[in-house]
Amino acid sequence: MSSVVRSIVCQEFAPLDRLVLEEKPAPDLFPGCVRIDVTACGVNFVDALFVQGKYQIKPPVPFVPGMEVVGRVSEIAADVADSGVTIGQRVFANVGLGGFSSQAMVAAKRITPLPDTLSDGQAATFMQSYLTAWFALVERARVESGRWLLVLGAGSGVGLAAVDVGRALGLRVIAVASTEEKRRFATERGAEATIDSTLSADEIKELAKSLSGGAIDYLYDPVGGEVGETCLRALGDDGQYLVIGFVAGIPKLPANQVLLRNRRITGVDWGGWAGKNPERNNAMLAEVMKLIARGELRPVEPVAYPLERAADALRDLEDRKVAGKIALVP
Ligand SMILES: NC(=O)c1ccc[n+]([C@@H]2O[C@H](COP(=O)([O-])OP(=O)(O)OC[C@H]3O[C@@H](n4cnc5c(N)ncnc54)[C@H](OP(=O)(O)O)[C@@H]3O)[C@@H](O)[C@H]2O)c1
């Protein structure tokens, strides 16, 4: 364990280049907690929204962004010495905030041992994406296998995870992404067909309809904007639009198009649900990890950025430059 902690700090809601790297003495360990020497921290689109004050929820400043960490246990509080956690154990944890750091202090009951099948980078980047996808498709949409799923933003983050989860659930997946590399990632995870997201929204909708033989059954939409609004029209009878995110803006979904064909719009707020249903979320995590261990789900190996390049990592996500995921390495 190092006596100095290096962290990326958001001192005020501001553009990404105002993030600062701070070095401080390691704080004493709180009761009930373990210290993790972080080896990788997942980077998500939402982190960029948080630090710029653009997210629905605004944490009090200053704060250290970053939700998902992986590392090795370096210290265990005396009152949880018999919790089964061991020094040197490889673990991951959802810390909410505080992940962009060389150390994390986490309640012993909130850490999860890692299977050998996941690298540190994969383990630090799968949780938000895969649990969102699983929650959307299994809990919210209750999908039926054999049906058609159109995934927008399919080359990275929650979209790529939805391709993987959708295929594992027996869905026929059409993936929409902007580059050959992103489309290849989606194909490798089982997308049956891909569409170039640089086409017009209308062209994407028409291609989705023809590739699926007339209409799609589920639309998984982390993108929103014009393409989300237009692709709603590709849904067939009883088709479901899953509202995941708004990287291209909040779509204005026309109610007449929802009425037609008895379509449905389903909200997906995994974070909010997980906070209210920790036991069910843990069960979902266990199910996803079981499928990963069996090789039935295959989280992508992320691109590694050094911790001090956190702002570049967030900017590259915003600029759609990243195929797959990014992990910060302290
Ligand atoms: N509902 C939930 O519970 C939940 C949970 C987690 C995340 N989210 C939300 O899901 C969204 C995606 O998060 P993520 O971490 O998956 O992001 P990400 O890894 O950056 O992926 C987003 C993808 O969207 C595509 N895109 C299309 N238009 C874009 C635009 N104008 N700007 C940026 N990207 C654009 C890009 O793919 P192409 O370049 O290939 O088109 C990009 O790779 C965010 O809004 C996030 O807040 C929601």
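Just so you know, residue 1 is the first one in the sequence shown, and it goes up from there. Atoms within a ligand are numbered from 1 in the order they appear, just like the ligands themselves.
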inquiry  = Quick check: Tyr218 with Tyr241 (ring centres under 6.0 Å apart)?
reply    = no
query = When the ring planes of Phe63 and Phe50 are compared, do they come out parallel, tilted or perpendicular, using 30° and 60° as the limits?
reply = perpendicular
request  = Please report which non-hydrogen protein atom sits nearest to atom 8 (N) of ligand 1, along with the residue it belongs to and the distance in Å to one decimal place.
outcome  = Ile244 O, 3.8 Å
Within 6.0 Å of CG in Asp238, more than 12 heavy atoms from elsewhere = yes
Nearest non-hydrogen protein atom, atom 1 (N) of ligand 1 = Val268 O, 2.6 Å
Asp319, CG: over 12 other non-hydrogen atoms inside 6.0 angstrom = yes
message = How long is the straight-line distance from CD1 of Ile216 back to NZ of Lys205, given to the nearest 0.5 Å?
response = 11.0 Å
note = To atom 14 (P) of ligand 1, the nearest of Trp273, Phe45, Trp270 on a heavy-atom basis is Phe45
Identity and separation of the nearest protein heavy atom to atom 45 (O) of ligand 1 = Phe246 N, 3.4 Å
Options Gly153, Gly228, Ser156, Ala162, ranked by nearest heavy atom to atom 42 (C) of ligand 1, top entry = Ser156
note = Looking only at protein heavy atoms, what sits closest to atom 6 (C) of ligand 1 is Gln128 OE1, 3.2 Å
message = So for Glu318, does at least one of its heavy atoms come nearer than 4.0 angstrom to any atom of ligand 1?
response = yes
Thr179 and ligand 1 - part of the residue with a heavy-atom distance under 4.0 Å = neither
message = Less than 3.5 Å apart, any donor N or O on the side chain of Arg35 or Gln103 sitting next to an acceptor on the other?
response = yes
remark   = For atom 40 (O) of ligand 1, the closest protein heavy atom turns out to be Ser178 N, 2.7 Å
task = Look at atom 34 (N) of ligand 1 and say which protein heavy atom is nearest, naming residue and atom and giving the distance to 0.1 Å.
result = Arg320 CG, 3.2 Å
request  = Identify, for atom 10 (O) of ligand 1, the protein heavy atom at the shortest distance, and state residue, atom and that distance.
outcome  = Val158 CG2, 3.7 Å
key: Residues, nucleotides or ligands: over 12 heavy atoms within 6.0 Å of Ile250 CD1   = no
